[in-house]
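Have a look at the structure below, then the notes.
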Amino acid sequence: MKSEPSEVSVDDVLAMPEATVPWFGVRNYLARNYMRDRMKVGDLVLFYHSSCPEPGVAGLAKVVSKAYPDDTQFDSKGKYFDPKATREEPRWMLVDIKVTKKTRLVSLAEMRAHPDLASMIVLQKGNRLSITPVTPDEYATVVGLTKKAAA
DNA sequence: GCCAACGTTGGC
DNA sequence: GCCAACGTTGGC
């Protein structure tokens, strides 16, 4: 799951109660569907920092809630307001994410260089989706990289 | 700031 | 339903 650290970083989440944050602001249907339809409490998450000087995985996290409506869609003054969403028929859903560990930053370049991650969706050319599925093997490989000395 | 690769919008 | 125009993402 991608987040811009200037908006919400791993450190920001660790400073929150329970180190937990609602994953607000997703406004892409496929990303929403992943949260709404495929994520379950306990699912493991790679917390990725994007649009920053050093993009890459910065922490490990897990899903700690089922999907529920993203409140920011109802805030008419906020940047995530959606005039077509209503309380009765919310358009955007989110899950709560708990950061379980801050890791050393595993850079995008480092992940691209690892042969076992060649098929990882987030690394594919043209991928812009802020939430993408990760296989158990890919997850384990990235966790392994977090434990290595910095490249 | 550039630009590839999308996703969305809206006229028809 | 088509598709051109436009907006966004995100690495570089």
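Below, chain A is the first sequence line, B the second, and so on; all start at residue 1.
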**Message:** At a heavy-atom distance below 4.0 Å, which nucleotide of DNA chain B is the first touched by chain A, and which is the last?
**Reply:** B/dA4 to B/dT8
**Prompt:** Residues from residues 43-53 of chain A sitting under 4.0 Å of DNA chain B, heavy atoms only?
**Reply:** none
**Prompt:** With sequence neighbours left out, what residues match A/Asp75 under side chain to side chain donor-acceptor pair (under 3.5 Å)?
**Reply:** none
Could you pull out every donor-acceptor pair under 3.5 Å between side chains of residues 124-144 of chain A and any protein atom, sequence neighbours left out?
from, atom 1, to, atom 2, distance (Å)
A/Gln124, NE2, A/Ala118, O, 3.0
A/Gln124, NE2, A/Met120, O, 2.8
A/Asn127, OD1, A/Leu129, N, 3.4
A/Thr135, OG1, A/Glu138, N, 3.0
A/Thr135, OG1, A/Glu138, OE1, 3.4
A/Glu138, OE1, A/Thr135, N, 3.0
A/Glu138, OE2, A/Met120, N, 3.4
A/Thr141, OG1, A/Asp137, O, 2.9

**Complete:** For A/Lys98, the side chain to side chain donor-acceptor pair (under 3.5 Å) test, sequence neighbours excluded, returns none
Only pairs under 3.5 Å count here: list side-chain donor-acceptor contacts from residues 52-70 of chain A, not counting sequence neighbours, and write none if there are none.
from, atom 1, to, atom 2, distance (Å)
A/Ser65, OG, A/Asp96, N, 2.8
A/Tyr68, OH, A/Asp96, OD1, 2.5
A/Tyr68, OH, A/Asp96, OD2, 3.4
A/Asp70, OD1, A/Thr72, N, 2.9
A/Asp70, OD1, A/Thr72, OG1, 2.7
A/Asp70, OD2, A/Gly25, N, 2.8
A/Asp70, OD2, A/Arg27, NH1, 3.1
A/Asp70, OD2, A/Thr72, OG1, 3.2

**Prompt:** A/Phe47: what forms a ring pair (Phe, Tyr, Trp, His ring centres under 6.0 Å) with it, not counting sequence neighbours?
**Reply:** A/Trp23, A/His49
**Prompt:** Is it true that A/Met93 and A/Phe74 fall in one hydrophobic cluster, defined by side-chain heavy atoms closer than 4.5 Å?
**Reply:** no
**Asked** How is A/Leu108 classified with respect to the nucleic acid when contacts are heavy atoms under 4.0 Å: base, sugar-phosphate, or nothing?
**Response** sugar-phosphate
**Request:** Could you list who else is in A/Val41's hydrophobic cluster, with ILVMFWY side chains joined at under 4.5 Å, directly or through other members?
**Result:** none
**Asked** What residues form a salt bridge (charged side-chain N to carboxylate O under 4.0 Å, His left out) with A/Arg91, not counting sequence neighbours?
**Response** A/Asp82
